[in-house]
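Please read all numbers here as calculations on a predicted model, not as lab measurements. Note that ligands are numbered from 1 as they come in the structure, with each ligand's atoms numbered from 1 the same way. Residues: numbered from 1 along the sequence shown.
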Amino acid sequence: MARLAVLGHPVSHSRSPAMQSAALRALGLDDWTYEAIDVTPEDFESLVHSLPGEGFAGVNVTVPHKEAALALSDDASDAASAIGAANTLTFTNGRIEAENTDAPGLIDALGESGNLEGRPALVLGAGGAGRAVVWALAGAGMEVSLWNRTASRAEDLAAEMNVSAIGDQVGLIDPGEFDVIVNASAAGLGGDDGLADLPLDPERFRPGQTVVDMVYGDGPGRLLEAASLGGATTIDGLEILVRQGARSLRIWTGMKPDLDVMERAARS
Ligand code: NAP
């Protein structure tokens with residue numbers, strides 16, 4: 001028997017419990033459980049330290065705890081250290097190991113997009129998700145341009161990760177110039193019109209490019225609708241959630257979960 005959980009604040013909206021529970025059942029791990037735990041930033045560290053004693057093998061960590069998760073860990077992967085945030089903690093022999101599966105999860109989801117090396121990518125957003133996305137795409141050899149609503153944050157992150165920043169500008173960015181576009185900002189969250197908050201010309205999406213929206217809600221949202229109309233391949237935030245969650249589950253159980261089972265549960 002082992003317990004798993006997602007820690008966040010708030011966390012009731014998370015699809016991870018349904019998704020991970022379905023994956024555990026499909027793997028035949030009937031004595032494993034996965035729950036959601038709402039914990040405030042003040043209580044996060046003490047709660048995490050109490051979990052191994054309560055039978056937890058590991059946890060996913062979501063907003064706003066990813067940086068705190070890295071900070072309290074005993075060992076961190078290169079990805080988690082470079083991104084500055086962890087979304088997966090594993091409790092092993094009295095130690096806390098930190099990993100970031102958001103970045104490789106994105107690369108997994110882009111698997112059908114062919115070789116990424118040397119191709120142009122646009123990342124929108126320089127918060128926690130933006131850091132993971134820029135690190136992942138630059139690590140895959142893409143030529144990354146970074147835009148953020150607050151331009152100075154894009155400039156700081158671009159300098160740190162050795163990519164290009166798109167500063168304050170007149171007019172819209174032509175999305176047709178990029179083979180991969182990732183919205184890693186919160187634009188579109190809560191059903192808002194994400195496209196209205198992003199400086200993209202909605203008429204310039206094209207076939208041969210892949211557009212990813214990390215934000216997920218009840219439908220594809222206006223960004224993915226416009227990209228799809230232009231002929232682009234689209235990937236929504238639930239697919240990214242499935243990919244990062246599958247990697248976390250593999251770390252804890254050593255077993256490869258069924259992505260279709262996870263996706264069906266995440267979308268239901
Ligand atoms: P965060 O650290 O709080 O950063 C928020 C980012 O969004 C900042 O760059 C912020 O820009 C920008 N932003 C906020 N509201 C905006 C708006 N109306 N228009 C344009 N930009 C806006 O959050 P995060 O952790 O990076 O998460 C960002 C989004 O990714 C969230 O919606 C989250 O749910 C999603 N996400 C999804 C997955 C997944 O598995 N699908 C994984 C991670 C994150 P400023 O700097 O100007 O404030």
Which option wins on minimum heavy-atom distance to atom 39 (C) of ligand 1: Arg153, Met214, Glu239?
Met214
Does any part of the side chain of Val212, heavy atoms only, come nearer than 4.5 Å to the side chain of Asn183, both counted from C-beta?
no
Pick whichever of Ile235, Asp213, Asp197, Val242 has a heavy atom sitting closest to atom 18 (N) of ligand 1.
Asp197
In ligand 1, the atoms that come under 4.0 Å of a heavy atom of Lys66 are 43 (C)
Are any non-hydrogen side-chain atoms of Val63 and Val11 less than 4.5 angstrom apart?
no
Which residue supplies the protein heavy atom nearest to atom 48 (O) of ligand 1, what is that atom called, and how far is it?
Arg149 NH2, 2.9 Å
Can you tell me which portion of Pro64 lies within the under-4.0 Å heavy-atom range of ligand 1? Options are side chain, backbone, both, or neither.
neither
Can you pull out the closest protein heavy atom to atom 27 (O) of ligand 1? Residue, atom name and distance to 0.1 Å, please.
Ala129 CB, 3.8 Å
Taking atom 28 (C) of ligand 1 as the reference point, the nearest protein heavy atom with its distance
Ala184 O, 3.4 Å
Atom 11 (O) of ligand 1: which protein heavy atom is closest, and how many Å away?
Asn148 OD1, 3.5 Å
Output the list of atoms in ligand 1 that are nearer than 4.0 Å to some heavy atom of Ala126, sorted by atom number.
9 (O)
Test item, Arg131 contacting ligand 1 (heavy atom, 4.0 angstrom):
no
Which atoms of ligand 1 sit under 4.0 Å from any heavy atom of Ser185?
7 (O), 12 (C), 21 (N), 28 (C), 29 (C)
Report the C-alpha separation of Asn60 and Leu7 in whole Å, then their side-chain angles, then the decisive distance to 0.1 Å, and conclude whether the side-chain contact (heavy atoms from CB on, under 4.5 Å) test is met.
CA-CA 6 Å; Asn60 281 130; Leu7 310 184; over 6 Å; no
How far is atom 23 (O) of ligand 1 from its nearest protein heavy atom, and which residue and atom name does that atom have?
Gly128 N, 4.5 Å
Atom 3 (O) of ligand 1 protein-contacted, heavy-atom criterion under 4.0 angstrom:
no
Kindly state if atom 8 (C) of ligand 1 has a protein heavy atom within a strict 4.0 Å cut-off, that is, under 4.0 Å?
yes
For atom 47 (O) of ligand 1, which of the options Asn183, Thr150, Ile240, Leu189 provides the nearest non-hydrogen atom?
Thr150
From Ala266, Ala186, Pro199, Ala109 - option closest to atom 13 (N) of ligand 1 by heavy atom
Ala186
